[in-house]
Amino acid sequence: MRAVRKESKEQAEGEPDAPGSFDRMIHRPVMTREVLEGLDVRPDAWYVDATLGQGGHTRAILGAGGCVVAIDRDPRAIEKAREELLPAYKDRLKLMCMNHSQMGEYLVGIGVPVSGVILDSGWSMAQAPEDASGLSFEGEGPLDMRMDPTIRTTARDILERSSAEELASILSNYGDEPLSMGIARAIVQARMRGRLPQTPRDLAAFVSGVYYRKGYRRSRRHPATRTFMALRIAVNGEIESLVQGISGVRPVLVPGGRLVVLTFHSREDREIKHLFRHWVREGWGRLLQSKPVLPGEAEICENPRSRSAKLRVYIAT
Ligand SMILES: C[S@@+](CC[C@H](N)C(=O)[O-])C[C@H]1O[C@@H](n2cnc3c(N)ncnc32)[C@H](O)[C@@H]1O
């Protein structure tokens with residue numbers, strides 16, 4: 001696999017793209033060649049795609065002769081694969097709509113020997129429930145940010161209920177937001193005056209105002225990018241699902257089985273790095289490479305969303 005390319009902090013996080021419909025959405029799978037190499041796909045062995053999405057990685061594994069258990073929390077992803085992939089790959093594809101945080105137990109239950117798992121973290125804005133997302137800086141709807149309507153807490157709930165310290169911790173831990181405490185204090189003060197931002201557009205303008213007052217004038221991206229990302233991660237429990245899912249699936253891997261994780265922001269990558277290193281110290285496996293693999297320049301040019309991707313591979317012994 002290619003040597004690791006250094007990237008600047010500025011490039012490290014994704015920005016929201018435009019919301020749209022799941023069916024019309026075109027998703028280019030990220031680092032497909034590296035994912036196949038990382039999984040070391042062999043004909044007729046079983047692999048788990050823990051984030052089916054538009055099926056890019058699943059198609060690639062099937063194309064290389066592997067068999068796939070494809071999981072997604074979004075029923076539309078499962079339905080699309082049922083229509084487009086299942087007829088051609090009946091014997092080599094199983095589809096399951098579930099949170100991958102529970103995939104370890106599920107895989108034990110179906111008794112499949114797992115030779116590898118790919119988890120391509122995150123969501124696409126196109127998946128956000130139409131008007132409920134609250135993920136666009138221009139949004140005029142409620143501050144919701146739930147990617148799954150069964151989740152109880154909305155972004156608005158977090159802004160209404162959290163102390164300044166709790167808010168700052170969310171912004172800093174999940175968004176690496178440098179002005180976390182300044183933004184958190186401003187939100188709590190606005191709340192006390194009954195002037196909490198009501199819509200995504202309000203919140204984006206509010207955070208821009210904090211940046212402006214602190215003397216920041218220009219940025220390559222919207223000042224609210226990190227705040228929105230941190231709130232979305234908190235609302236959807238993304239880090240917890242990732243860690244729980246990856247931890248639960250490790251004992252299910254066959255000897256030599258591989259876990260390939262693609263992350264798109266620093267907090268997720270840190271979690272995976274520490275988890276993998278802990279397992280290596282315990283003597284349960286080894287890393288394919290100590291540093292994460294990054295996409296090449298050609299892929300970044302072709303698919304700018306890949307620029308913040310980091311891929312790590314763990315091999316069970
Ligand atoms: C970035 S997309 C995956 C794209 C896919 N690899 C492809 O090539 O088309 C991430 C997918 O993971 C799903 N997802 C996010 N969190 C999940 C979770 N906790 N459990 C199951 N699926 C999840 C989302 O619904 C989304 O479809």
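Counting starts at 1 for both ligands and their atoms, following the listed order.
A salt bridge between Asp176 and Arg270 is present, with a side-chain N of the basic residue lying under 4.0 Å from a carboxylate O of the acidic one. Between Glu238 and Arg232 there is a salt bridge, since a side-chain N of the basic residue sits under 4.0 Å from a carboxylate O of the acidic one.
The contact set between ligand 1 and Gly55, taken as ligand atoms under 4.0 Å from a residue heavy atom, comprises 7 (C), 9 (O). Each of the atoms 8 (O) of ligand 1 lies under 4.0 Å from some heavy atom of Pro29. Each of the atoms 20 (N), 21 (C) of ligand 1 lies under 4.0 Å from some heavy atom of Met98.
At least one N or O atom of Gly56, backbone or side chain, sits closer than 3.5 Å to an N or O atom of ligand 1.
Across Asp120, Asp49, Leu52, heavy-atom proximity to atom 1 (C) of ligand 1 is greatest for Asp120. When the heavy-atom distances from atom 24 (C) of ligand 1 to Thr58, Asp72, Asp74 are ranked, the shortest goes to Asp72.
Residue-ligand proximity: Ala77 is placed with every non-hydrogen atom at 4.0 Å or more from ligand 1.
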May I have the list of side-chain donor-acceptor pairs in residues 41-48 shorter than 3.5 Å, sequence neighbours left out?
unit_1 : atom_1 : unit_2 : atom_2 : d
Arg42  : NE     : Asp40  : OD2    : 3.3
Arg42  : NH2    : Asp40  : OD2    : 2.5
Tyr47  : OH     : Asp40  : O      : 3.4
Tyr47  : OH     : Arg42  : N      : 2.8

Can you give each donor-acceptor pair under 3.5 Å made by side-chain atoms of residues 81-89, sequence neighbours left out, with the distance rounded to 0.1 Å?
unit_1 : atom_1 : unit_2 : atom_2 : d
Arg82  : NE     : Glu79  : OE1    : 3.4
Glu84  : OE1    : Arg59  : NH2    : 3.0
Glu84  : OE2    : Lys80  : NZ     : 3.4

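In summary, the side chains of Ser266 and Asp269 do not present any donor paired with an acceptor at a separation below 3.5 Å, with no hydrogens or angles considered.
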